[in-house]
Protein chains: 2
Amino acid sequence: MSIRYAILGFLSWKPFTGYELKKRFADALSFHWAGTSNQVYGALLGLHKEGAVTIEVIPQEKLPARKVYTITQKGRDELKTWLLGDPDLPAFRNLQRTRLAWTADLSDDELRTILTHYVQRLSDQIILYREQLRRGEESPARSSREILIWKRLGEASLAGYESELAWIESLKTELGL
Amino acid sequence: MSIRYAILGFLSWKPFTGYELKKRFADALSFHWAGTSNQVYGALLGLHKEGAVTIEVIPQEKLPARKVYTITQKGRDELKTWLLGDPDLPAFRNLQRTRLAWTADLSDDELRTILTHYVQRLSDQIILYREQLRRGEESPARSSREILIWKRLGEASLAGYESELAWIESLKTELGL
DNA sequence: CAAAGCATGTAAGCAGTTACATGATTGT
DNA sequence: ACAATCATGTAACTGCTTACATGCTTTG
C-alpha cells in the first residue's frame, strides 16, 4: 500500500522517467508525500521485476541516459485491483495536536508562543499551497470527470490546513490568549 | 519526534506501567496512533537509559512484576523543550484520496462502489469515535484549561472524519453517482 | 560564478505495523 | 469452554526520510 500504486497511476497516463515521477510527486501536494529518489527508483526496480512496467533506455549525448518507464497490461491490472480494493481510512496523524495535549501546565506566555508559532506555520503553508494550486497542479485532464476529481482533491487538501488554522485560532481565543 | 514525548507527557501526570501506557495510547483516539508494546517498551527502555524516567519494580504474587515508570526532572525538562520546539505541520496522508486520483477511467458502477464503500467505512468510524468520546477519553482534568484542551482535541479529531465524509458525499453527488 | 535543473542512484536509519511468545486470572 | 484482561516482551518487515554521491547543462 504505497508509492508503487501512485507510480502505476502516473504511468497509466503516459510513460515517465524516474526523475519526472519524482517531480510529479513533489508537485502533487495533495498526496502529502515527500518521496525521494530512493523510493521512486527502488519502486520502479520492483515494478520492473514483476513485469508491471517496461523500460526503454534512451541514451543522451551529454546527460545520463533517460530510462523511460511504460506500464504493461499486468501493471494496469494491478492498479485496477488496488483501486477497487478495501478503502483506507485517512491517517490524521497530527504531532502538533499531540503536543498541545501536554501544554496545560505551561505559563500563558509559553502557551501563547506555541499557538502563535503554529498559526504562523499554518498560514505560511496555506499561502504556499494556494499559489501552487493557482499555478495549476497538472492533471492529465483527459476528461471532465478527471478534471473535477483533481480539482476537488486539491481543494480538500487546502481545506485541511485551513480548518486546522481555524481550529487553533478559536482555541487560542477560548483560552484567552 | 515521536512516541517518546507522548510517553513523557503521560508520565508528567503520574507514574504508569508500560502496559497502562499502551492502553492510554490505544484509548487516546485523537493521537491516531496504533502504537503497540514493541514501541512502548522500547521507548521506555531508551528513556530509562537516558535518565528521563526511573523504574520501580513491584513484584506480584501471581502475575509478572509491574514496572512502574516515574518521570525525572531531566524527563520533565526534555518534555518542555519539545513542547516549546518548532511546531510540526499536520501530516494529512490520505491513501484513499490518492486512490481516487486514478479512478476517472473506471466505469460508473465501479466508481460508485468505491465511493460507497468509503462512505461506509467513514460512517462506521465516526460512530465508533462518537461512542468513545461519549465514554470520555480520560484526561487528567487537573485544571479547566486542561479539560478544555482535551475536549477540543477530541472534537477536532472527530471533525476530521466528518469533514472527509461530507467531502466524499458531495463529490459523489457532483459526479452524478 | 553560483544556483538550479537534468538524471541517475546508494547508504543508513527511524518510526511504525503485524505477528508471535508466555502465562496466570477474571468474567461470560 | 472461551474470551478478555493483566503484564511482560521479541522478531521481522514496510514505509519513509535524510543525507550523500556523481557529473553535466542551463539560467540568472
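Just so you know, these numbers use all the heavy atoms, side chains as well, and skip hydrogens, waters and symmetry mates. Reminder, nothing fancy here: chain letters follow the sequence lines and each chain counts from 1.
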Atom pairs, N/O to N/O, protein against nucleotides 11-14 of chain C, distance under 3.5 Å?
| residue | atom | partner | partner atom | Å |
| --- | --- | --- | --- | --- |
| C/dA11 | N6 | A/Asn38 | ND2 | 2.4 |
| C/dA12 | N6 | A/Asn38 | ND2 | 3.2 |

Task: B/Lys23 side-chain N/O to D/dT5 phosphate OP1/OP2 under 4.0 Å - done: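 No, no such contact exists.
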TODO: Please check the phosphate of C/dC6 (OP1 and OP2 only) for any side-chain N or O of A/Gln60 closer than 4.0 Å.
DONE: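 Result: no.
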Please give, in whole Å, the distance from [N] [atom2] to [X] [atom1]?
| X | N | atom1 | atom2 | answer |
| --- | --- | --- | --- | --- |
| B/Arg66 | D/dC6 | CZ | P | 10 Å |
| A/Ile58 | C/dC6 | CD1 | P | 16 Å |
| B/His32 | C/dT17 | NE2 | C1' | 17 Å |
| B/Glu20 | D/dC6 | CD | C1' | 10 Å |
| B/Leu89 | D/dT17 | CG | P | 14 Å |
| A/Asp88 | C/dT17 | CG | C1' | 13 Å |
| B/Lys22 | D/dT5 | NZ | C1' | 10 Å |
| B/Phe25 | C/dA15 | CZ | P | 13 Å |

- [ ] Taking only Lys NZ, Arg NE, NH1 and NH2, and the carboxylate oxygens of Asp or Glu, determine whether A/Glu78 and A/Lys74 approach each other closer than 4.0 Å.
- [x]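 No, A/Glu78 and A/Lys74 are not salt-bridged.
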Open item on the list: Check B/Glu56 with B/Lys67, please: is the shortest side-chain N to carboxylate O separation under 4.0 Å?
Closed with: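 Not counted as a salt bridge, because no side-chain N and carboxylate O are separated by less than 4.0 Å.
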Open item on the list: Can you classify the ring geometry of A/His32 versus A/Tyr161 as parallel (below 30°), tilted (30 to 60°) or perpendicular (above 60°)?
Closed with: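 Taking A/Tyr161 first and then A/His32, their aromatic rings sit tilted (interplane angle of 30° to 60°).
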Nearest to the side chain of [X], heavy atoms from C-beta on, is which of [options]?
| X | options | result |
| --- | --- | --- |
| A/Tyr19 | D/dT8, C/dG16, C/dC6 | C/dC6 |
| B/Thr36 | C/dT17, D/dT8, C/dT8 | C/dT17 |
| B/Gln39 | C/dG9, C/dT17, D/dT17 | C/dT17 |

Task: Which nucleotides of DNA chain C pair, in dot-bracket form (Watson-Crick or G-U under 3.5 Å, | meaning another strand) - done: ||||||||||||||||||||||||||||
Open item on the list: Hydrophobic clusters here meaning ILVMFWY residues chained together by side-chain heavy-atom distances under 4.5 Å, can you tell me if B/Trp150 and B/Ile147 are in one?
Closed with: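 No, B/Trp150 and B/Ile147 fall in different hydrophobic clusters.
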Open item on the list: Could you see if A/Ile71 belongs to whatever hydrophobic cluster contains A/Ile58? Use Ile, Leu, Val, Met, Phe, Trp, Tyr and a side-chain cutoff under 4.5 Å.
Closed with: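 Not linked; separate clusters.
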Open item on the list: If you assign A/Arg93 and A/Tyr41 each to the DNA chain C nucleotide with the nearest heavy atom, which residue ends up on the more 5' nucleotide?
Closed with: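 Going by which nucleotide is closer to the 5' end, it is A/Tyr41.
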Task: Closest-nucleotide 5' rank along DNA chain D - winner of A/Trp33 and B/Ser37 - done: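 The residue closer to the strand's 5' end, by nearest nucleotide, is B/Ser37.
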- [ ] Examine distances only and state if a side-chain atom of A/Arg97 and a backbone atom of B/Phe31 form a donor-acceptor pair shorter than 3.5 Å.
- [x]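 Flag not set: sc A/Arg97 to bb B/Phe31 has no pair under 3.5 Å.
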Open item on the list: Tell me if the NZ atom of A/Lys80 is crowded by more than 12 foreign heavy atoms within 6.0 Å.
Closed with: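 No, NZ of A/Lys80 has 12 or fewer neighbouring heavy atoms, counting only those of other groups under 6.0 Å.
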Task: More than 12 heavy atoms from other groups under 6.0 Å of NE2 on A/His117 - done: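 Incorrect, the count does not exceed 12.
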Task: Listed partners of A/Trp167 passing ring-ring contact (aromatic ring centres under 6.0 Å, His included), at least two apart - done: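 Expected list: none.
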Open item on the list: Please classify the nucleic acid contact of B/Gly18 as base, sugar-phosphate, or nothing, using heavy-atom distances under 4.0 Å.
Closed with: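 The answer is sugar-phosphate, as B/Gly18 gets under 4.0 Å only of primed atoms, P, OP1 or OP2.
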Task: A/Asp105 vs B/Arg76, salt bridge (charged side-chain N to carboxylate O under 4.0 Å, His left out): CA-CA, chis, key distance, verdict - done: CA-CA 12 Å; A/Asp105 285 344; B/Arg76 287 187 192 278; 5.9 Å; no
